[in-house]
Enquirer: 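One structure is given below, represented as structure tokens, and several questions about it will come after.
The sequence lines fix the lettering, A, B, ..., with proteins before strands; numbering per chain opens at 1.
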Amino acid sequence: MIDLRLLRADPDLVRGSQRARGSDPALVDALLAADEQRRAAITRADALRAEQKATSNEIRGAEPPERIALMEQARALSAKVKEAEAEQAAAEAALREAHLAVPNVAPDAPPGGEEDYVVLREVGVKPDLAKPLDHLEIGERLKAIDTDRGAKVSGARFYYLTGVGALLELALVNLAMAQAVEVGLTPAIVPALVRKEAMEGTGFLGAHAPEIYRLEADDLYLVGTSEVALAARHMNEIIDLSQAPVRYAGYSTCFRREAGSYGKDTRGIIRVHQFDKVEMFSFTTVEESYEEHLRLLAWEEEFLGKLEVPYRVIDVAAGDLGASAVRKFDCEAWLPSQGRWLELMSASNCTDFQARRLNIRARGTDGKPVHVATLNGTLMASTRSIVALLENHQEPDGSVRVPKALQPYLGREVLQPA
RNA sequence: GGAGGGCUCGCCUAGUGGCCGAUGGCGGCGGUCUUGAAAACCGCUAUGGCGCGGAAGCGUCAUCGUGGGUUCGAAUCCCACGCCCUCCGCCA
């Protein structure tokens with residue numbers, strides 16, 4: 001949710017942001033009107049409540065004849081208060097709805113839609129492969145990836161990682177966690193099932209709702225990223241940011257329904273219903289958040305360097321940001337088999353948008369609570385990291401070279417077809 | 001799955017229909033004393049909305065798990081829900 005004070009002070013800024021995102025600027029005016037109506041309703045209800053309270057207090061000391069008259073009066077007021085409170089509740093509900101409809105203000109992101117990203121840099125050299133195999137072909141030869149039986153047991157977009165495939169994932173997790181600890185993130189293993197409040201508070205029940213698995217019998221949701229559990233960890237809290245940002249590296253399985261992506265990336269493990277991920281998450285002040293965002297990106301690139309995979313960094317356009325983010329950088333690895341880039345990581349700065357909904361605050365310099373900024377960034381997404389590794393490090397003989405940084409965690413320098 | 005107990009301001013706790021936003025202790029912050037520290041003593045120590053104000057602030061409303069209800073008036077009475085805990089059973 002955006003800051004209503006900012007909205008009142010500078011509605012044109014918000015309207016401009018809406019246009020840059022390709023969203024409707026009229027939503028801004030609807031929000032302004034709802035805000036106005038809510039405040040008017042509160043003023044009316046407050047006045048009536050005050051009057052009723054005063055009358056009630058008079059009754060306490062009053063003698064019978066006067067007392068009866070006062071009670072009559074109070075009864076009438078009570079009915080009016082009830083009415084005014086219903087109006088207030090309706091106005092508040094309307095405001096909330098209008099409030100949720102307006103995404104975060106993103107003045108720094110490139111304007112436009114999905115295709116309007118800006119490439120910030122390209123790093124590394126694309127491998128020179130005469131006839132590159134795709135990751136599934138390589139993975140099957142290594143007996144590392146088995147999607148056929150994944151489908152037999154669980155359906156499309158499920159898979160088995162076996163042998164070096166399984167070991168590869170564990171090595172990647174360990175490499176990522178080691179880096180996380182080294183730079184000072186708090187390693188965390190988090191719930192993969194969360195309550196509605198956590199899902200809602202992080203904003204995933206809005207546009208993302210069809211993407212989310214829900215367990216009907218228990219009214220719990222399967223997280224699509226540990227961002228949910230990490231962000232919600234401090235919901236309704238005032239946290240201490242006076243010394244340093246609060247930073248986590250959360251490891252969890254991620255579940256995604258992939259509704260609406262039928263026919264897309266159907267081969268292999270590029271787009272799956274379940275994978276494991278190490279996610280970085282920071283709580284900072286809004287002022288610090290822009291710098292923190294670059295820090296998360298730098299840590300992502302550091303990890304990509306260890307994978308020795310060519311990649312590029314893009315500045316995602318406003319229209320493709322998601323409601324919470326003011327800016328998002330994606331790291332995309334080169335995919336030799338398809339001759340295109342594949343999103344491996346994503347770092348978003350949500351400023352105080354998400355924290356306002358989750359009610360997460362910190363003490364400002366004056367001691368008063370202010371909403372914090374939240375940021376999230378992928379450190380290591382298992383399946384796509386494996387895809388990038390297998391394809392970029394494949395050798396003509398079907399073996400796969402293991403990047404140096406990963407060797408100690410995997411215990412070998414090359415993966416040989418079985 | 002069955003049976004109980006509980007949910008009050010960071011923590012513990014008082015409060016069972018009327019100045020209760022709420023008692024007391026601990027912790028925290030500030031001060032007095034001290035060469036310094038401890039002890040002792042004194043003071044301060046929730047949050048949000050709305051209005052006024054440049055601001056400090058002032059006024060007002062709301063909040064005692066959540067939502068309803070009873071009542072002129074609810075932390076206190078009633079109902080529903082949520083959550084936590086304990087015991088039994090079952091499973092890991």
Enquirer: Out of B/G48, B/G49, B/A62, which nucleotide sits closest to the side chain of A/Arg49?
Expert: B/A62
Enquirer: Rounded off to whole Å, could you give me the CE-to-C1' distance for the A/Met71 and B/U71 pair?
Expert: 8 Å
Enquirer: Can you check the distance between B/C83 and B/G73, where both ends of the measurement are the P atom (answer in whole Å)?
Expert: 32 Å
Enquirer: Considering Watson-Crick and G-U wobble pairs with both distances under 3.5 Å, what does B/G82 pair with?
Expert: B/C7
Enquirer: Taking atom P in both B/G1 and B/G17, what distance in whole Å separates the two?
Expert: 38 Å
Enquirer: Expressed in angstrom and rounded to an integer, what is the separation of A/Ile42 atom CD1 from B/U63 atom C1'?
Expert: 14 Å
Enquirer: What is the base-pairing partner of B/C50, counting Watson-Crick and G-U wobble geometry with both distances under 3.5 Å?
Expert: B/G59
Enquirer: Can you check the A/Leu48 CG to B/C50 P distance for me, whole Å?
Expert: 18 Å
Enquirer: With P as the reference atom in both, quote the distance from B/A74 to B/C33 in angstrom, rounded to an integer.
Expert: 50 Å
Enquirer: So does A/Asp46 reach the base of B/G49 with its side chain, donor to acceptor, closer than 3.5 Å?
Expert: yes
Enquirer: Nearest to the A/Arg195 side chain among B/U60, B/C83, B/C72, which nucleotide is it?
Expert: B/C83
Enquirer: Kindly state each residue pair satisfying salt bridge (charged side-chain N to carboxylate O under 4.0 Å, His left out) with at least one member in residues 317-329 of chain A, sequence neighbours excluded.
Expert: A/Asp315-A/Arg327
Enquirer: Find the distance A/His371:NE2 to B/G49:P and express it as a whole number of Å.
Expert: 8 Å
Enquirer: Return the 5'-most residue of the pair A/Arg5, A/Thr55 with respect to RNA chain B, ranking by each residue's nearest nucleotide.
Expert: A/Arg5
Enquirer: Can you measure A/Ile59 atom CD1 to B/C19 atom C1' for me and round it to whole angstrom units?
Expert: 15 Å
Enquirer: Touch check for A/Arg44, heavy atoms < 4.0 angstrom, all strands: base, sugar-phosphate only, or nothing?
Expert: nothing
Enquirer: So, A/Arg247 and A/Glu292, do they make that salt bridge, N to O below 4.0 Å?
Expert: yes
Enquirer: Can you find a side-chain donor-acceptor pair between A/Tyr159 and A/Gln274 that sits under 3.5 Å?
Expert: no
Enquirer: When the aromatic ring centroids of A/Phe158 and A/Tyr160 are compared, is their separation below 6.0 Å?
Expert: no
Enquirer: Is B/A37 paired to anything, Watson-Crick or G-U wobble with both distances less than 3.5 Å, and if yes, which nucleotide?
Expert: none
Enquirer: Nearest to the A/Arg38 side chain among B/C72, B/C50, B/C61, which nucleotide is it?
Expert: B/C50
Enquirer: Is there a ring pair (Phe, Tyr, Trp, His ring centres under 6.0 Å) between A/His293 and A/Phe329 once you walk through the steps?
Expert: CA-CA 9 Å; A/His293 195 194; A/Phe329 301 120; 4.6 Å; yes
Enquirer: Roughly how many Å apart are B/C88 and B/U16, using the P atom of each and rounding to a whole number?
Expert: 35 Å
Enquirer: In the strands shown, is B/G43 matched to any nucleotide by a Watson-Crick or G-U wobble pair with both distances under 3.5 Å, and which?
Expert: B/C29
Enquirer: What distance, rounded to whole Å, do you find between the two P atoms, one in B/G53 and one in B/G30?
Expert: 36 Å
Enquirer: If we take the P atom in both B/C64 and B/U8, what is their distance in whole Å?
Expert: 12 Å
Enquirer: Using purine N1 to pyrimidine N3 plus N6-O4 or O6-N4 for Watson-Crick, or N1-O2 and O6-N3 for G-U wobble, both under 3.5 Å, which nucleotide pairs with B/A74?
Expert: none
Enquirer: Could you tell me which nucleotide pairs with B/G1 by Watson-Crick or G-U wobble geometry, both distances under 3.5 Å, or answer none if nothing does?
Expert: B/C88
Enquirer: Would you mind checking if A/Lys306 and A/Glu308 are paired as a salt bridge, meaning a charged N to carboxylate O distance below 4.0 Å?
Expert: no
Enquirer: Between B/G28 atom P and A/Arg363 atom CZ, what is the distance in whole Å?
Expert: 17 Å
Enquirer: Please tell me if A/Arg39 has a side-chain N or O lying less than 4.0 Å from either OP1 or OP2 of B/G51.
Expert: yes
Enquirer: Verify whether the ring centers belonging to A/His273 and A/Phe255 lie closer than 6.0 Å.
Expert: no
Enquirer: Would you mind reading off the distance between A/Leu4 atom CG and B/G48 atom P, rounded to a whole angstrom?
Expert: 15 Å
Enquirer: A/Asp366 has an atom CG; how far is it from atom P of B/C29, in whole Å?
Expert: 19 Å
Enquirer: Establish, with yes or no, whether the OP1 or OP2 oxygen of B/C72 is under 4.0 angstrom from a side-chain nitrogen or oxygen of A/Lys82.
Expert: no
Enquirer: State, without any angle test, whether A/Gln407 and A/Arg401 hold a side-chain donor-acceptor pair at a distance under 3.5 Å.
Expert: no
Enquirer: Taking only the C1' atom of each, what is the distance from B/U86 to B/U71 in whole angstrom?
Expert: 37 Å
Enquirer: Roughly how far apart, to the nearest Å, are B/U45 and B/A37 at atom P?
Expert: 25 Å
Enquirer: Using a 4.0 Å heavy-atom cut-off across all strands, classify A/Arg8 as base, sugar-phosphate, or nothing.
Expert: sugar-phosphate
Enquirer: A/Gln52 side chain N/O closer than 4.0 Å to the phosphate oxygens (OP1, OP2) of B/C72?
Expert: no
Enquirer: Let me know, please, whether A/Glu72 or A/Pro369 comes out on the 5' side of the other along RNA chain B by nearest nucleotide.
Expert: A/Pro369
Enquirer: Ignoring backbone atoms, establish whether A/Arg67 has a side-chain N or O less than 4.0 Å from OP1 or OP2 of B/G18.
Expert: no
